[in-house]
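Note: hydrogens, waters and symmetry copies are ignored here, and every other heavy atom, side chains too, is used. Naming convention: chains lettered A, B, ... in sequence-line order (proteins, then strands); numbering from 1 in each chain.
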Amino acid sequence: MKIATFNINGIKARLPRLLEWLAETRPSVACLQEIKSQDETFPGNEIEALGYHVLTHGQKAFNGVAVLTDGKAGFEPPKEIQRGLGIEGPKEGEGEQARYLEVDATGPDGTVRVACLYLPNGNPHPGPKFNYKLAWMAALRTRMAAIWAEEVPAVVLGDFNVIPEDDDVFSVRAMANDALMQPESRGAYARLLGDGWTDAVRTLNPRGGVWTYWDYQAGAWQRDHGFRIDHILLSPECADRMRAVGVDKAHRGREKASDHAPVWLELSL
DNA sequence: ATGGTCGCGTAGCGA
């Protein structure tokens, strides 16, 4: 089975590109971030027409995540396990932002726990938004420990908004003050790996230089000024079954593209 | 140091 993550940066602007990507690459499970839509107005019908089941966790205008499963390939609708991590947004009285959706994905070859996440950006640093990011990462670590304890095949993936190492960014100097690569952000990410989770995308090149995001500004795509912030973490039950991993880089170069490229993993399960 | 570009929703915030 193939499990993918794609920060689409707005479903209203991205629907044609999303449908195209689904049809061309046909992931068994697709995790979407930044749908920027409420559940009621998410265009599920057009995605279902391709044979996908759709589960959304959205909010108005910002954030929002979704999980799709390939009904045509014999996958059941995503079975919801948990939405949200119970962390209040950084603004007073704002409530919780829509950033986490955990499901069981069951297909012909078995069940995988899939946690789709959109981690807070955390800029500007320092400040309340950065503190919110760190609190969110602490809650994520707690939740991942609970998943670990279930000893099920599990994949935790999405836009982590963390550049893990210096060789995961086009220029350390250009990004030095960004929340995405502060020592606290990196430390929290490193603790997840220290807990035993495998960074699947890192295996593409252990020396770095793999990008999943290119800014819209300053000709970043044309200059290949990118960085790696979309990650796929595997429980031990999945790490042994990893068969292939990749970045659909060409999709970043298309008309009206997202600023992220899709990232995927093939499991022998 | 600044400005550079998008999306949502239709001003200004978030990235």
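Minimum atom distance to the side chain of A:Asn121 is reached by B:dA15, of the listed B:dC8, B:dA15, B:dC13. Closest to the A:Lys12 side chain, of the nucleotides B:dC13, B:dA15, B:dG9, is B:dG9. Of the listed nucleotides (B:dA15, B:dG9, B:dT5), B:dT5 has the atom at the smallest distance from the side chain of A:Tyr216. For A:Phe62, the listed nucleotide lying nearest its side chain is B:dG14; candidates were B:dA15, B:dG14, B:dC8.
The separation of B:dG14 from B:dG9, taken at their C1' atoms, amounts to 13 Å, rounded to a whole angstrom. Annotation: B:dT5 and B:dA11 have their P atoms spaced 22 Å apart (nearest Å). For the P atoms, the distance from B:dC8 to B:dG4 is 22 Å, rounded to whole Å. B:dG3 and B:dA15 have their C1' atoms separated by 15 Å, given to the nearest Å.
Under a 4.0 Å N-O distance rule, the pair A:Asp166/A:Arg186 qualifies as a salt bridge. At a threshold of 4.0 Å, the pair A:Lys79-A:Glu76 does not count as salt-bridged, since none of the basic side-chain nitrogens sits closer than that to a carboxylate oxygen. A salt bridge does not link A:Glu102 to A:Arg83: none of the charged side-chain nitrogens sits closer than 4.0 Å to a carboxylate oxygen.
B:dA15 atom P lies 14 Å from atom CZ of A:Phe130, rounded to whole Å. When rounded to the nearest whole Å, the span between CG of A:Leu15 and P of B:dC8 equals 11 Å. We find that NE2 of A:His260 is positioned 15 Å from P of B:dC6, with the value rounded to whole Å. Separating the CG atom of A:Asp178 from the C1' atom of B:dA15 is a distance of 10 Å, rounded to the nearest angstrom. Following rounding to the nearest Å, A:Lys60 (NZ) and B:dA11 (C1') show an atom-to-atom distance of 13 Å. For the pair A:Arg14 CZ and B:dC8 P, the interatomic distance rounds to 7 Å; values are reported in whole Å.
Close to B:dG9, at under 4.0 Å from its OP1 or OP2, lies no side-chain N or O of A:Lys36. In this structure, A:Lys129 reaches the B:dG14 phosphate: one of its side-chain N or O atoms is under 4.0 Å from OP1 or OP2.
Side-chain polar atoms of A:Arg14 and A:Ser258 form no donor-acceptor pair below 3.5 angstrom.
The shortest side-chain heavy-atom distance between A:Val103 and A:Leu55 falls under the 4.5 Å cut-off.
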